[in-house]
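Step one of this worksheet: look at the structure below.
Quick note: numbers below take in every heavy atom, side chains included, and nothing from hydrogens, waters or symmetry partners. Counting starts at 1 for both ligands and their atoms, following the listed order.
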Amino acid sequence: MCNTSLHAFLAALPKAEHHMHLEGSLEPELLFALAAKNGITLPVSTDPAFASAESLRKRYEVFANLDDFLGYYYIGMSVLLDGSDFEALAYAYFAKAASQNVRHAEVFFDPQAHTDRGVELSTIVESFKRAQARAAADFGMSTELIMCLLRHLPLPSAMATFAQAKGAGYFADGTLAAVGMDSSEVPFPPPMWKDLFDAAKELGIRRTCHAGEEGPPLYVSQALDLLDVQRIDHGVRALTDGDDALVTRLASSKTLLTMCPLSNFKLNCIDSMSSFPLRRLLDAGVRFSINSDDPAYFGGYILENYCALQEAFGLGIRDWEMIAKGAIMGSWCAEERRAQLLVEVEDVVNEWARQFEEQ
Ligand code: HPA
Ligand code: ZN
């Protein structure tokens, strides 16, 4: 909850989320419950932060950088073993997101981090599908799955996972909406992954890539030029350090930047919320959405990200209308769904604009 006069409006605003790692929504309490259920020993002997959910949460407040966070992220997800674990994880996120009026969510998952531990790809995907069906039935939420490959593992591992998903028919039948790329960014620049993205492009599969989170603006240009991605996940450094030509290019190509302000702040990619390049995004007309990335680790879900920006920038209702509509326009959903969501935004904006004018 923020202390701005727009809090209730921000809560009511229909939202689309495009950058949320399901494994990053594993709250410490569920992490400990699943570790106990599955007989997994957490590394408390080498890291006292694993003594309790409370001490772990405290440790999450002081990440030094992306790799420091990722160390906890991969240990955390090691408690996920059977189908019910994956379903519980995804459904818990969908329920929380629905409570913040997320109407459409495109969520990432990292199959290699599970298949390397002996979990079958089909166990992961079919469990997420069950959670997606429940989210549609319970909340009327539309959802898509984006399979991310890990940059800290070699290209052949990514290619093999991609081939497995393709062989299972998950792209052809729409189970997977796109391919993405995440994990440590430097020193794994986009050119390393060209074969993977070429293979996806050949099959007409949508492509997105984490770039410009810790890596330089050059990584963003390379993702566009060499991987031919339709989206950039993060891209914050293109805005904080990039030249006008890159920013103009992003705006004119209508490339969606899936931005994550609290994540950027918690991982020291920006040094305060007011350093988030919101003004440059808006002034240059870059299409972007505001997202939670790894909400269990960074202290907030999508609404807390909206609130953090509102506290730093004091936007008006019409600014938020533009942001909410931009997010919907950049969503990978059917045209009718997009039209329906735009009407939902308009209805809420008009209702609140009237209330503010009456005050
Ligand atoms: N960046 C890179 N990889 C990730 C992230 C992130 O913010 N979250 C989960 N995996
Ligand atoms: Zn991310």
Side-chain angles (χ1 to χ4, degrees), residues 16-27 31 60 63-78 80 86 89-90 93 97 105-114 116 124 128 144-153 157-158 161 177-190 192-193 196 207-216 219-220 223 227 229 231-240 256-270 276 288-302 304-305 308 327 330:
E17 179 151 45
H18 308 114
H19 187 154
M20 206 299 297
H21 302 260
L22 283 170
E23 296 91 341
S25 69
L26 179 59
E27 294 287 347
L31 189 163
Y60 290 174
F63 292 126
N65 51 37
L66 174 59
D67 279 353
D68 183 27
F69 150 69
L70 288 171
Y72 285 92
Y73 173 76
Y74 292 119
I75 293 170
M77 70 174 77
S78 71
L80 301 164
F86 288 91
L89 175 74
Y93 162 72
E106 297 170 11
V107 296
F108 298 133
F109 70 109
D110 291 326
Q112 291 155 291
H114 312 301
D116 279 4
I124 307 163
F128 287 158
E144 297 289 350
L145 285 178
I146 299 175
M147 183 176 85
C148 281
L149 287 315
L150 300 177
R151 277 181 300 220
H152 69 274
L153 296 180
S157 167
T161 304
V179 163
M181 197 91 232
D182 62 357
S183 194
S184 301
E185 185 173 11
V186 182
F188 306 106
M192 293 176 68
W193 312 103
L196 173 74
R207 300 165 304 283
T208 185
C209 180
H210 281 55
E213 180 182 15
E214 283 187 343
Y219 282 25
V220 173
L227 308 185
V229 293
R231 262 186 204 174
I232 295 286
D233 299 313
H234 288 300
V236 62
R237 287 204 54 202
L239 276 297
T240 54
L256 182 77
L257 264 53
T258 66
M259 313 289 296
C260 310
L262 277 178
S263 164
N264 294 157
F265 177 57
K266 291 294 175 98
L267 299 185
N268 296 306
C269 302
I270 53 174
F276 182 79
F288 67 97
S289 60
I290 298 300
N291 306 276
S292 61
D293 205 2
D294 301 281
Y297 291 82
F298 300 144
Y301 286 76
I302 194 168
E304 286 75 28
N305 277 271

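- Taking the Zn ion (ligand 2) as the apex, the angle formed with NE2 of H19 and NE2 of H210 is 90°, to the nearest 10 degrees.
- Rounding to 10 degrees gives 90° for the angle at the Zn ion (ligand 2) between OD1 of D293 and NE2 of H21.
- For the pair S184 and ligand 1, the shortest N or O to N or O distance does not fall below 3.5 Å.
- Using a 4.0 Å cut-off to heavy atoms of L66, the atoms of ligand 1 that qualify are 1 (N), 2 (C), 6 (C).
- In this structure, the protein non-hydrogen atom closest to atom 7 (O) of ligand 1 is D293 OD2, 2.8 Å.
- Some N or O of E213 is nearer than 3.5 Å to an N or O of ligand 1, by distance alone.
- Side-chain contact, D233 with T208: a donor N or O sits under 3.5 Å from an acceptor N or O.
- Using a 30° and 60° split on the angle between ring planes, H21 and H19 fall in the perpendicular class, above 60°.
- In this structure, L70 counts as a contact residue of ligand 1, since one of its heavy atoms falls inside 4.0 Å of the ligand.
- In this structure the side chain of E17 never reaches within 4.5 angstrom of the side chain of S289, judged on heavy atoms.
- Under a 4.0 Å heavy-atom criterion, H234 is in contact with ligand 1.
- No side-chain donor-acceptor contact under 3.5 Å links E185 and H234.
- Remark: I302 CD1 to C260 SG distance equals 9.5 Å, nearest 0.5 Å.
- In terms of protein heavy atoms, atom 8 (N) of ligand 1 is closest to D294 OD2, 2.7 Å.
- Looking only at side-chain heavy atoms (C-beta outward), D182 and H210 come within less than 4.5 Å of each other.
- If you check the side chains of N305 and S292, you find no donor sitting under 3.5 Å from an acceptor.
- Closest non-hydrogen pair, L70 versus S183, comes out as CD1-C, 3.7 Å.
- Numbered from 1 in the order shown, with element, the atoms of ligand 1 that lie under 4.0 Å from a heavy atom of Y73 read 9 (C), 10 (N).
- The single protein non-hydrogen atom nearest to atom 10 (N) of ligand 1 is H21 CE1, 3.5 Å, given as residue, atom name and distance.
- With a 4.0 Å cut-off on non-hydrogen atoms, F108 does not touch ligand 1 at all.
- Between F63 and F69, the ring planes lie perpendicular to each other; the angle is over 60°, past the 30° to 60° tilted range.
- Minimum interatomic distance between W193 and L150 (heavy atoms only, all atoms of both residues): CH2-O, 4.1 Å.
- For atom 3 (N) of ligand 1, the nearest protein heavy atom (residue, atom name, distance) is S183 N, 2.8 Å.
- Neither the backbone nor the side chain of D110 comes within 4.0 Å of ligand 1, counting heavy atoms alone.
- For ligand 1, the polar-atom distance check against R151 finds no nitrogen or oxygen pair separated by under 3.5 Å.
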